[in-house]
Undergrad: 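My questions all concern the structure below.
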Amino acid sequence: MALNPNYAAVSGRQQATDRWTVMLPGEFNRREEESGLCFWRPGLTVWLTAYGTQDGLSIEDRMTRDRAKASAAATDIVESLESGVGRLSYRLTETRPDGAIVQGLYSFAHGADGQVMVAAYFDDVSELETARRISDSITYTG
């Protein structure tokens, strides 16, 4: 399947917000909506939603909050804190109201003055590695 010709096609480093960049391995369509920034291609959809840090919490406290909010069904939980950026990711298999099963990788990246949530949905587990590469590429430019 090809990309949707009605939307911009992008690849490589993308400035997601004034504080966050992401690296796309290959071409994706791009659109902006109120709920965030969406990159997609057949079989893989990635949503990025950026937030400020109005809550006054430290990076570690925000990671603890996100870990506590994760579904009990979450698997493959990975956490790190390097170079002033805290990261948390996990996999989740969900059943939509129509009965379809959706594979997801949820990731959170926290910087000093901002945070971003990444929700990657894929049709086939073969896209998991690409979803991880995109999630891991999120860079805080503060």
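Worth saying up front: this structure is predicted, and the values here are computed from it rather than measured. Just so you know, residue 1 is the first one in the sequence shown, and it goes up from there.
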Undergrad: Ala50 and Thr17: which non-hydrogen atoms are nearest, and at how many Å?
TA: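 Looking at all heavy atoms of both residues, the shortest contact is CB-CG2, 3.5 Å.
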Undergrad: Just by distance, no angles: are the side chains of Thr21 and Gln15 close enough, under 3.5 Å, to form a donor-acceptor pair?
TA: no
Undergrad: If you take all heavy atoms of Glu27 and Leu3, which pair is closest and at what distance?
TA: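 In this case the closest contact between Glu27 and Leu3 is CB-CD1, 3.7 Å.
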Undergrad: Roughly how far apart are Asp124 CG and Leu44 CG, rounded to 0.5 Å?
TA: 11.0 Å
Undergrad: Compute the ring centroids of Trp40 and Phe28, then answer whether they are less than 6.0 Å apart.
TA: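 No, too far apart.
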Undergrad: How about Arg62 and Leu88: do any of their side-chain heavy atoms sit closer than 4.5 Å?
TA: no
Undergrad: Would you name the heavy atoms of Arg31 and Leu37 that are closest together and state the gap between them?
TA: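 The answer is O-CD1, 3.6 Å.
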Undergrad: For Gly114 versus Trp20, what's the shortest heavy-atom pair and its separation?
TA: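 Smallest interatomic distance, heavy atoms only, reads O-CZ2, 3.4 Å.
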Undergrad: Using modelled atom types and a 3.5 Å cut-off, is there a donor and acceptor pairing between side-chain atoms of Ser135 and backbone atoms of Ala131?
TA: no
Undergrad: Say you draw a straight line from OH of Tyr106 to CD of Glu94; how long is it, rounded to the nearest 0.5 Å?
TA: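 Tyr106 atom OH to Glu94 atom CD measures 3.5 Å (nearest 0.5 Å).
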Undergrad: Counting N and O atoms only, with roles assigned by atom type, does the side chain of Ser11 sit under 3.5 Å from a partner on the main chain of Ala9, one being a donor and the other an acceptor?
TA: no
Undergrad: CG of Asp66 to CG of Asp61: how many Å apart, nearest 0.5 Å?
TA: 11.0 Å
Undergrad: Got more than 12 heavy atoms from elsewhere within 6.0 Å of CD, Glu82?
TA: no
Undergrad: Quick one: closest heavy-atom pair of Met23 and Pro25, and the distance?
TA: O-CD, 3.6 Å
Undergrad: For the residue pair Tyr90 and Ala74, what are the closest heavy atoms and their distance?
TA: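 Taking every non-hydrogen atom into account, CD1-CB, 3.5 Å.
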Undergrad: Answer yes or no: is there a donor N or O on one side and an acceptor on the other, between the side chain of Arg19 and the main chain of Val116, under 3.5 Å?
TA: no
